[in-house]
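Taking it in order: structure first as structure tokens, then the write-up.
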Amino acid sequence: MVDTAARTDTSAAPATASADAPKANGKANGAVRPGGAPVVDVAALGRQLLGTWADVRVEARKRAAMPELQRIEGQSMAEHRERVLEQLKLLVEMGAVHKAFPKELGGQDDHGGNIAAFEELVIADPSLQIKSGVQWGLFGAAVLHLGTKFHHEKFLPAIMSLEVPGAFAMTEIGHGSDVASIATTATYDPETEEFVIHTPFRAAWKEFLGNAGLHGKHATVFAQLVTNGVNHGVHCFYVPIRDDEGEFLPGVGGQDDGLKGGLNGIDNGRLHFTNVRIPRENLLNRYGDVAPDGTYSSPIESPGRRFFTMLGTLVQGRVSLDGASTEASAMALAIAITYGNQRRQFTASSDTEEEVLLDYQRHQRRLLPRLATTYAQIFAHDEFLVKFDAVFSGKADTDDDRQDLETIAAALKPLSTWHALDTLQEAREACGGAGFIAENRLVGLRQDLDIYVTFEGDNNVLLQLVAKRLLTDFSAQFKNADAGAMARYVVAQTADRAYHGTGLRRLAQTIADFGSTARSVSELRDEETQRELLTDRVETMIAEIAGRLRDARKLPKADAAAAFNRNQNELIEAARAHGELLQWEAFTRGLAKTSDPGTKQVLTWVRDLFGLGLVEKHLAWYLVNGRLSPQRAQAVTAYIDRLIERLRPYAQDLVDAFGFEPAHLRATIASGIEQERQDEARAWFDAERRAGTLPVDEKTLKAKPKAKKKS
């Protein structure tokens, strides 16, 4: 469809890039664009993108630029593992890993700043980021958040100093995301006042544990706490696993996971226990305790709520994966767009000048929408991190706050980790064969981040948790409603379905739009219209599923499970739509805080590209459910094409605002060498043409008339 909307934005920048694309130096462009087009203040935008803990991130990036903390491509697994272990020691010496720990132990009680700094390690080496996360964000955090002052004073100093490297032993081979069903047991023996840690069968081996394969000396082991013949559910125990020579202690066994698809600087492994005895005090007992005589007590009476409270204290893993994945996406786009702005291919519009890759619409289409999504994720992640800090600092630490935090984590982590893999792959392809070379980082990052989609909870399982929360919140609206109120709601839903399903809305919309794509575009770029479209999809999907499941509680357990299972795919899609809405809303709030007019205009286009991109991705739903007419649906794609054309000249500004220096990206193709090569080639051909020394192209030769034979 041809976009015939009136172009009222006369300030729109031209669709071709300046030859002098700004370098990634974090400074404002400064140049006045042709036709009074808006100018992005790259430095101010960059500061805004750093978020609430900007200074912490700047300091962390200085460390990430240090060669001694960076990955060396091509190292063997053993060399990589030892290098990362030594890097952890350097982080300790720099005082870079203690922000979240108590001040009385040398920390700073800065939970948000700790995660912000930790995420930046992905720039240096994802293996370093994850191994440090295992040591201080999982192993150490389990002691910090599940233990009491006794455990803090006894265990944390050695954990903080790396004197005791440790593993976080939760996941089992037979129960990944289903933590409540793990089979490892911790049975209390009142005669010796000890817990007996035991692995009853092979499927209960603890699996994929960082530090377990080689370096770990202790582990925080999650097991079913059994005392006086009663199973009180999953609790966490501090268990020694190796001696100072690196040998397993009696009763402890394990296996190195060996070479993996990525993150080979981490010694992942398996652990199992055969009647390993530990003191009663090694139960991390903040939420559940056992007296010397075996009596169990807990400040949380409900076993279910106790379990989710304990796991909720470890939500920071999902927070950091959301941030690190977003950072990896930004790095990939900085590399690919910088390269695409310099690499030339084919003489499409000239007999002599080759085109810059990023001037091709398809190249723009594959990179700029992903850039818009990355911006949305950056704004959403900062709000997420603020929420996390408020909960863990105690500023907002109610049950509702914790539930909200867990729901946000379960909604955003899947989207950002999936997006990272998609973006890294597309960036790799957009850089052609150069993207496949290890020195250009893209394939290595893609391999390392692959596991992020199942780290800290499989993405689909997490989205199912979000969907259940959405259903619960939806049902709560009618908790105290009488039969009449519920009946009125059902009638309203039926009327709404008839209204949207019969084509009445589509017909009215088509009449309103007839002959005026401009009117369609004007509405689509309206903030409230986008909000309504995205919100309506979430609410409608949840309402429809809730209606189908309304009577499931009355069914036998097997039938109720079957009914839920029949709606599982739609539930996960609804949860994904909810996460996308969270990102759009965060982007919109971030946009409202942008003060520079030129930057705000360009960011508005980026936000619209993200929002309408979501509508385009789910266009079938909007058409089938009568939310958009066919003509307006066509206008969505047409306006997206126009937005991409508008944003093309700002692509370099937008990735420069990420603030990555050459020492961060470490990708040869993004270092400026491609521009040098292209300039050299163009200068050579230009000189040869002026000198008249270029060979004549066969295609330019005119056929000479054949001489007539004499009779």
Side-chain angles (χ1 to χ4, degrees), residues 308 376 380 384 387 400 402-415 418 457-483 485-501 505 528-555 559-586 588 610-611 614-628:
F308 285 110
F384 181 19
K387 178 73 173 176
D400 286 344
R402 285 189 173 269
Q403 288 180 30
D404 286 346
L405 177 64
E406 291 162 21
T407 303
I408 295 169
L412 295 185
K413 181 263 182 180
L415 269 60
W418 274 327
D458 177 274
N459 283 353
N460 285 288
V461 174
L462 292 179
L463 288 177
Q464 183 169 292
L465 293 175
V466 176
K468 287 181 177 179
R469 171 69 187 274
L470 293 174
L471 283 174
T472 300
D473 288 352
F474 179 85
S475 300
Q477 299 177 51
F478 305 101
K479 185 177 182 180
N480 299 314
D482 58 22
M486 191 64 189
R488 287 192 296 274
Y489 173 77
V490 173
V491 170
Q493 283 295 104
T494 304
D496 179 72
R497 193 175 299 112
Y499 177 61
H500 292 303
R505 170 174 276 202
E528 288 308 311
T529 299
Q530 292 178 35
R531 178 180 280 108
E532 181 182 347
L533 285 168
L534 298 175
T535 304
D536 180 49
R537 182 165 181 264
V538 178
E539 292 180 346
T540 301
M541 292 172 78
I542 290 296
E544 289 179 350
I545 297 168
R548 293 196 292 270
L549 294 177
R550 190 170 62 246
D551 297 324
R553 293 180 181 178
K554 302 175 184 177
L555 299 173
D559 293 339
F564 185 88
N565 192 51
R566 283 193 294 271
N567 290 277
Q568 184 184 45
N569 187 62
E570 286 186 65
L571 276 165
I572 289 173
E573 285 302 307
R576 188 166 186 159
H578 173 69
E580 292 167 342
L581 175 60
L582 292 179
Q583 291 176 337
W584 182 90
E585 289 178 334
T588 300
F610 173 66
L614 294 175
V615 174
E616 184 183 50
K617 182 167 69 173
H618 305 298
L619 212 49
W621 186 91
Y622 287 101
L623 286 166
V624 168
N625 288 275
R627 268 46 175 186
L628 291 175

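Residues: numbered from 1 along the sequence shown.
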### Task
For side chain to side chain contact (heavy atoms under 4.5 Å, CB included), just list the numbers for W621 and M541, CA-CA rounded to whole Å, side-chain angles, deciding distance to a tenth of an Å, and then say yes or no.
CA-CA 10 Å; W621 186 91; M541 292 172 78; 3.9 Å; yes
### Task
Tell me, with the steps shown, if L582 and F384 meet side chain to side chain contact (heavy atoms under 4.5 Å, CB included).
CA-CA 10 Å; L582 292 179; F384 181 19; over 6 Å; no
### Task
Take T540 and R627, measure what side chain to side chain contact (heavy atoms under 4.5 Å, CB included) needs, and give me the verdict at the end.
CA-CA 11 Å; T540 301; R627 268 46 175 186; 3.0 Å; yes
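Of all the heavy atoms in K387 and L405, the pair that sits closest is CG-CD1, 4.0 Å. The two atoms that bring A409 and P414 nearest to each other are O-CD, 4.0 Å, heavy atoms only. Counting all heavy atoms, side chain and backbone alike, V538 lies closest to H578 at CG2-N, 3.7 Å. Closest approach of A380 to A586, counting heavy atoms only: CA-CB, 3.5 Å. Across all non-hydrogen atoms, the minimal contact from A575 to A467 is CB-N, 3.9 Å.
Proximity of K554 to D559: side-chain heavy atoms (C-beta onward) are nowhere separated by under 4.5 Å. At a threshold of 4.5 Å between non-hydrogen side-chain atoms, the residues F610 and Q583 count as touching. Under the 4.5 Å side-chain criterion, counting only non-hydrogen atoms from C-beta, K413 is not in contact with W418. Annotation: side chain of L470 is not in contact with side chain of L571 (no heavy-atom distance under 4.5 Å). Counting only heavy atoms from C-beta outward, the side chains of Y622 and D536 never approach each other to under 4.5 Å. In this structure, the side chains of F308 and Q403 stay at 4.5 Å or more apart for every pair of heavy atoms. Proximity of L628 to V615: side-chain heavy atoms (C-beta onward) are separated by under 4.5 Å at one or more points. Within the 4.5 Å cutoff, the side chain of H618 has heavy atoms near those of the E580 side chain.
Distance check: I542 CD1 to E544 CD gives 10.0 Å after rounding to the nearest 0.5 Å. From L614, atom CG reaches atom CG of L619 across 12.0 Å, with rounding to the nearest 0.5 Å. Considering CG of L463 and CG of L415, their distance stands at 7.0 Å, rounded to 0.5 Å. For the atom pair CG (L533) and CG (L581), the distance works out to 11.0 Å, reported to the nearest 0.5 Å. For the atom pair CD (E406) and CG (L465), the distance works out to 9.0 Å, reported to the nearest 0.5 Å. With rounding to the nearest 0.5 Å, the separation of CD1 in I545 from CD in E573 is 9.5 Å.
Residues satisfying the side-chain hydrogen bond (donor to acceptor under 3.5 Å, both in side chains) test with T535, not counting sequence neighbours, are none.
For residues 459-469, the set of pairs meeting the salt bridge (charged side-chain N to carboxylate O under 4.0 Å, His left out) definition, not counting sequence neighbours, comprises D404-R469, R469-D473.
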Side chains of residues 561-570: which donor-acceptor partners sit under 3.5 Å, not counting sequence neighbours?
from : atom 1 : to   : atom 2 : distance (Å)
N567 : OD1    : R548 : NE     : 2.7
N567 : OD1    : R548 : NH2    : 3.0
N567 : ND2    : A563 : O      : 2.9
Q568 : NE2    : Q464 : OE1    : 2.4
E570 : OE1    : R548 : NH2    : 3.1
E570 : OE2    : R548 : NH2    : 3.2

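Looking at E528 and R531, a side-chain N of the basic residue comes within less than 4.0 Å of a carboxylate O on the acidic one, giving a salt bridge.
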